[in-house]
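Position 1 is the first residue of the sequence; numbering continues from there.
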Amino acid sequence: MYIGPYRFDLELRELIHTRSESVSSFKLSDIEYLVLHQLMQARGQVVSTESMCDQFLPKKVSHQDIATAVNNIKRFLGREHASWIENITKQGYLLHAKAKAKPMLTCALSGISIKNYLLCLILGILLIIFLAMNLTTTSDISLSMPDKVAIKGTESILVPIYGLDEDKDKYHTRVKELALKLANCKQVKWQRVYVAPSNDGNKLEFVMNNLADDGKACANLKVKNVGEDWHFIDDAWLKEAGICE
């Protein structure tokens, strides 16, 4: 769920700024979480303060508590985006419909929970390693282990993840070209950049993290409608996607 460039993570109960130079998130209190959840479920419609207070019954929550929660959320959204949440006098609050647009780069992007994505990615890599170690005696089985492509001039590494063995040959050249483009960046912001192309060539998924990851220093994005064309990945796109500086 998005408010412009801010992703509302229901599981983590956080607002995450997806375009921040460094990972920026806001941990929501119970009141802030329920207020924002109601506003997002009723985009473009006024949510009365009374209905927000009713969500906490039998706990008593005042109109001032709701106002404080809204102000805290707007403070994190910043001056540019705070106006998306409007106080409608004597009625309640409104989250403007225009705020639901997801952040867009050259291609359509959508995000998933970083926690869930990294978990799936790690489990997938461990599964490949397990199969490679335990099925080596079977002659008709071949598995492609993830390659590590050093990004010249940096300490960063590009790691392609392939769903099928034949994808390795299909995308090998493009991955090498991507590594060269990353090498031309003024600075690669991440020590590890994972790229996972879909078998049909229509989607690219990226996960970026650092070795000293504390659980927050990571980012992910999904690029749809690629159409087997990676030419949209240039210096400007890499900066906008938050991969390079």
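If you take CG on Leu34 and CD on Gln55, they are separated by 6.5 Å, rounding to the nearest 0.5 Å. A distance of 12.0 Å separates CG of Asn72 from CG of Leu36, quoted to the nearest 0.5 Å. Taken to the nearest 0.5 Å, the SG atom of Cys53 stands 11.5 Å off from the NZ atom of Lys59. Interatomic distance, Gln38 CD to Tyr93 OH, rounded to the nearest 0.5 Å: 12.5 Å. From Gln191, atom CD reaches atom CD1 of Ile151 across 11.0 Å, with rounding to the nearest 0.5 Å. Atom CD1 of Ile161 is separated from atom NZ of Lys168 by 11.5 Å, given to the nearest 0.5 angstrom.
With a 4.5 Å cut-off on side-chain heavy atoms, Ile85 and Leu39 count as touching. Side-chain contact check for Ile88 versus Glu86: some heavy-atom pair is nearer than 4.5 Å. No side-chain heavy atom of Met208 sits less than 4.5 Å from a side-chain heavy atom of Lys189. Under the 4.5 Å side-chain criterion, counting only non-hydrogen atoms from C-beta, Leu15 is in contact with Ile73. Using a 4.5 Å heavy-atom cutoff, the side chains of Leu28 and Glu14 are not in contact. Contact check for Asp235 versus Cys244: no side-chain heavy atoms found under the 4.5 Å cut-off. Taking the side chain as every heavy atom from C-beta outward, His172 and Val175 never approach each other to under 4.5 Å. With contacts defined as side-chain heavy-atom distances shorter than 4.5 Å, the pair Lys170/Asn199 qualifies.
The closest donor-acceptor contact from the side chain of Asp65 to the backbone of Val61 lies at 3.5 Å or more, if one exists at all. A donor-acceptor pair is defined here as one N or O able to donate and one able to accept, closer than 3.5 Å; no such pair exists between the side chain of Ser48 and the backbone of Gln91. At distances below 3.5 Å, at least one donor-acceptor pair connects side-chain atoms of Thr68 with backbone N or O atoms of Gln64. Judged purely by atom type and a 3.5 angstrom limit, Thr49 has no side-chain atom pairing as donor or acceptor with the backbone of His63. With hydrogens and angles disregarded, no donor-acceptor distance shorter than 3.5 Å links the side chain of Trp84 to the backbone of Leu94. Side-chain atoms of Lys239 do not come within 3.5 Å of backbone N or O of Cys185 as any donor-acceptor pair.
Listed by first and then second residue, the salt bridge (Lys or Arg N to Asp or Glu O under 4.0 Å) pairs that reach into residues 26-38 are Arg13-Asp30, sequence neighbours excluded.
With salt bridges taken as basic N to acidic carboxylate O contacts below 4.0 Å, one links Lys203 and Glu205.
Ring geometry for Trp230 against Tyr171 counts as parallel: the plane angle stays under 30°, on a 0 to 90° scale with 60° as the upper cut.
Of the candidates Ile233, Val195, Leu178, Leu238, Ile243 forms a side chain to side chain contact (heavy atoms under 4.5 Å, CB included) with just one, namely Leu238.
Between Tyr33 and Phe8, a ring centre-to-centre spacing shorter than 6.0 Å is recorded.
Closest non-hydrogen pair, Asn87 versus Gly92, comes out as OD1-O, 3.3 Å. What you find for Trp237 and Phe232 is that their closest heavy atoms are CB-O, 3.4 Å. The heavy-atom pair separating Tyr194 from Asn209 by the smallest distance is CE1-OD1, 3.5 Å. Scanning all heavy atoms of the two residues, the minimum distance from Ile66 to Phe56 falls at CD1-CE1, 4.3 Å. In plain terms, the two heavy atoms of Trp190 and Ser156 that are nearest each other are O-OG, 2.6 Å.
Contacts of Thr173 classified as side-chain contact (heavy atoms from CB on, under 4.5 Å), with partners at least two apart in sequence or in another chain: Glu177.
Taken together through direct or relayed side-chain contacts under 4.5 Å among Ile, Leu, Val, Met, Phe, Trp and Tyr, Phe26 and Met40 form part of one hydrophobic cluster.
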